[in-house]
Amino acid sequence: MTGTVSTTPAASVAGSPAVTLPPAHSRLRAALPPLAFGLVVLIIGTAPYWLDAYSLDVLTLGLTYGLMAMALALLIGFTGLPSLGHSAFLGLGAYSAGLLAVHTTDNALVGLVLAAVVGAAAAAVVGALSLRTHGVFFLMLTLAFAEIIRQIAIKSSFTGGDNGLSVPAPHIPLLSSTGLPQVVTVYWYVLAVVAVGYVVLSVVVRSPFGKALVGVRDNPHRMAAIGYSVVTVRLRAVMLSGALTAVGGALLVQKDTLVAPTALTPDASVLLLVMVLVGGARSLTGALVGAVGMVFLRSFTSSWLGEAWLLVEGVLFVSVVYFMPSGLAGLAATVRSRIRRGGPA
Amino acid sequence: MTPPETAAPLLQLQGVGKSYGGFHAVDDVSLTVHAGERHAVIGPNGAGKTTLFNLVAGTLRVTSGRVVLNGRDVTRAGEHSRARAGVGRTFQHSSLFTTQTCAENVALAVRRCIGLGTSLRVPTKARGELARQVADLIERVGLTDRAGDLVGDLSHGERRQLEVAMALAGDPALLLFDEPTAGMSPSESGQFTRLVQALPRTLTVLLIEHDLDVVFSVADRVSVLATGRLLEQGPPEQIRNSPQVEAVYLGTGHDEVFIA
Ligand SMILES: Nc1ncnc2c1ncn2[C@@H]1O[C@H](COP(=O)(O)OP(=O)(O)OP(=O)(O)O)[C@@H](O)[C@H]1O
Ligand SMILES: [Mg+2]
């Protein structure tokens with residue numbers, strides 16, 4: 001199962017659906033998603049044993065962006081709040097975890113916690129200032145906020161200015177003592193954190209709160225009339241998204257042992273946005289896959305594309321919006337329903 | 001049926017007004033609705049009836065006057081806090097979650113009412129209660145057969161009924177029905193009338209309705225609104241026989257055409 005917003009007429013809310021034993025072919029079909037899931041787990045779980053160091057590093061980067069893309073999808077796809085400045089939260093997470101590593105402790109998990117707190121707090125401020133009014137203000141404010149954070153990163157001495165901040169390699173509890181190569185340690189660590197983020201977000205979107213998010217996206221007036229505080233619901237979503245995006249930023253700095261203001265340009269926000277749209281904003285899995293795919297695409301084409309990468313990104317963006325408005329997740333859903341409607345397997 | 005004049009006022013509008021620029025959509029309306037009363041608001045199109053409801057529900061803020069609910073001044077309270085204080089409403093133009101099922105629509109309202117609207121999980125012991133309330137509300141409006149169907153696939157009349165089910169969730173103290181029977185079939189409209197008649201008198205009902213059969217079969221009191229002003233107020237017989245009301249409302253082509 002993906003984190004797709006359920007639009008199927010599952011009457012499960014009122015009473016349990018009748019349970020009948022499915023015929024053999026549909027049992028096989030029911031077994032397919034777990035099989036595919038198992039396959040993905042196998043590939044990801046064995047990646048360090050057959051991927052070269054460079055590709056493993058790219059996969060690690062892809063997963064990191066995957067976490068941030070899922071956090072952004074929570075806002076765009078589930079809550080209906082587009083953010084144009086998510087690099088702000090990425091930057092806050094990266095710099096707060098980086099500064100912590102430089103000045104206080106190299107414990108990676110403490111860095112994540114700090115990043116999450118800083119990200120949530122900043123998101124609360126941005127949200128409180130903009131969510132009472134029209135959604136466009138949120139959009140504009142995120143954009144402005146990202147630029148403010150970037151300028152602070154460039155102009156301040158404590159952030160290392162234009163050169164960025166070099167940080168010591170993180171100490172990862174349990175993993176750092178295994179003696180594995182750093183790139184492998186970091187891969188396992190990032191994989192674990194992203195998996196936790198995926199589970200958290202999946203639980204959230206399926207929960208009553210997740211359904212309230214979708215309600216607020218689809219019909220805020222009705223939500224208010226049945227007693228939901230639309231502002232509060234949105235604010236919580238923004239805080240959760242800000243926190244998880246900042247955790248993604250912390251993973252970036254821990255992985256690269258470096259963060260520079262270039263990571264906070266509008267390009268970064270746009271890249272996240274394109275990842276979400278390519279994958280499918282209404283699906284967590286889609287956003288994750290979109291992010292990993294885009295990172296691989298960029299890494300393996302940038303050597304000969306250079307600046308033209310932005311053009312590729314733009315073309316991709318426009319074609320997805322035009323031909324595939326629900327992204328890869330939408331495509332997958334269509335294929336799945338075709339298979340289901342087909343004859344016995 | 002005698003209007004419960006002795007009951008405490010549940011809703012008091014004190015000189016309530018809403019203006020857009022120089023235009024007074026609702027103009028200095030003072031109205032008291034007692035607990036348990038069934039109060040109909042009638043008036044020609046554009047009289048300000050929906051605007052008045054929006055002022056009561058908190059969808060819009062008054063530009064003058066005060067709104068007092070159950071003795072509490074809620075003039076500045078937001079829409080959701082008034083809903084939590086017991087105001088349930090239907091919309092004149094159905095406002096539902098069209099990509100979800102009837103049951104999911106009602107469940108969204110019920111979860112909020114039992115305090116689980118934004119929780120991260122429904123506790124196992126609350127599941128039965130949730131399912132029971134959802135099924136009960138859906139049954140009361142006669143949509144049991146449609147519970148699992150997408151709202152987008154419902155007929156216009158069925159959507160009107162689902163509106164009513166959403167408004168009834170959580171036993172509100174004050175129910176606002178904005179032209180609930182517009183677009184319903186005669187049998188659906190009859191079912192709605194019986195539903196209102198069967199509501200316990202612990203609920204107070206404020207009803208905008210063009211169908212005078214419905215008005216005269218459920219209302220204890222009727223207020224007539226025209227061009228934003230409260231023209232007359234009284235028991236149904238008085239309104240039925242009022243020449244003034246007839247002049248602005250009944251006489252001037254009350255017709256199906258106006259029920260949009
Ligand atoms: N946002 C607004 N800006 C300006 N004028 C408005 C606005 N909303 C409503 N009005 C005007 O206020 C008046 C009252 O509108 P309202 O919808 O309350 O009437 P109504 O009595 O509910 O009519 P109907 O029977 O057609 O539903 C109308 O003339 C309408 O055009
Ligand atoms: Mg109206």
Side-chain angles (χ1 to χ4, degrees), chain A residues 4-18 74 77-80 131-133 199-240 282 325-326 330 333, chain B residues 57-59 78-91 94-113 116-122 127-128 130-138 144 147-153 163 166-167 169-170 172 176:
Chain A
T4 315
V5 188
S6 171
T7 53
T8 48
S12 52
V13 263
S16 48
L74 182 78
F78 291 86
T79 319
L131 290 176
R132 264 167 219 290
T133 47
V199 169
V200 166
L201 285 171
S202 299
V203 167
V204 164
V205 299
R206 281 177 184 74
S207 71
F209 174 62
K211 288 170 182 165
L213 294 183
V214 172
V216 159
R217 177 196 74 196
D218 290 344
N219 194 342
H221 298 293
R222 176 43 101 173
M223 288 299 277
I226 54 180
Y228 288 88
S229 166
V230 172
V231 173
T232 309
V233 170
R234 283 185 177 146
L235 190 63
R236 287 190 198 168
V238 170
M239 287 173 67
L240 180 57
R282 294 188 177 187
S326 312
Chain B
T59 319
E79 186 171 17
H80 70 275
S81 34
R82 294 193 210 182
R84 288 173 190 200
V87 179
R89 75 171 298 185
T90 69
F91 289 88
S94 295
S95 178
L96 298 160
F97 303 95
T98 50
T99 60
Q100 296 178 35
T101 65
C102 289
E104 283 163 348
N105 271 260
V106 177
L108 206 49
V110 172
R111 276 197 303 267
R112 211 287 303 154
C113 295
L116 296 173
T118 56
S119 66
L120 286 178
R121 66 183 290 272
V122 179
R127 292 208 179 132
L130 173 62
R132 194 190 59 71
Q133 286 198 29
V134 170
D136 179 56
L137 286 164
I138 287 183
T144 304
D149 294 337
L150 294 181
V151 171
D153 296 334
E163 278 278 326
M166 304 270 287
L176 307 172

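Every chain is numbered from 1, with letters handed out A, B, ... down the list of sequences.
- When heavy atoms are compared at a cutoff of 4.5 Å, B:A109 approaches chain A by way of both its backbone and its side chain.
- Contacts from residues 219-226 of chain A to chain B, taken as heavy-atom pairs separated by less than 4.5 Å, involve A:N219, A:H221, A:R222, A:M223, A:A224, A:A225, A:I226 in sequence order.
- Interface remark: of the candidates A:S229, A:G227, A:A212, A:G210, A:G227 forms the most heavy-atom pairs closer than 4.5 Å to chain B.
- Contact tally against chain A (heavy-atom pairs below 4.5 Å) for B:L96, B:T59, B:V87: the top residue is B:L96.
- Among B:R84, B:R112, B:R82, the residue with the largest count of heavy-atom pairs under 4.5 Å with chain A is B:R112.
- If you tally non-hydrogen atom pairs under 4.5 Å between each of B:S119, B:A83, B:G128 and chain A, the highest count goes to B:S119.
- When all heavy atoms are compared, the tightest approach of A:Y228 to B:L108 is OH-O, 2.6 Å.
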Stepwise side-chain contact (heavy atoms from CB on, under 4.5 Å) check, B:Q100 with A:V214: CA-CA 10 Å; B:Q100 296 178 35; A:V214 172; 3.8 Å; yes
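- For A:F209 against B:L120, the heavy-atom pair with the smallest separation is CB-CD2, 4.2 Å.
- Proximity to chain A involves both the backbone and the side chain of B:R89, based on heavy atoms less than 4.5 angstrom apart.
- For chain A, no part of B:V106 is nearby; none of its heavy atoms comes within less than 4.5 Å.
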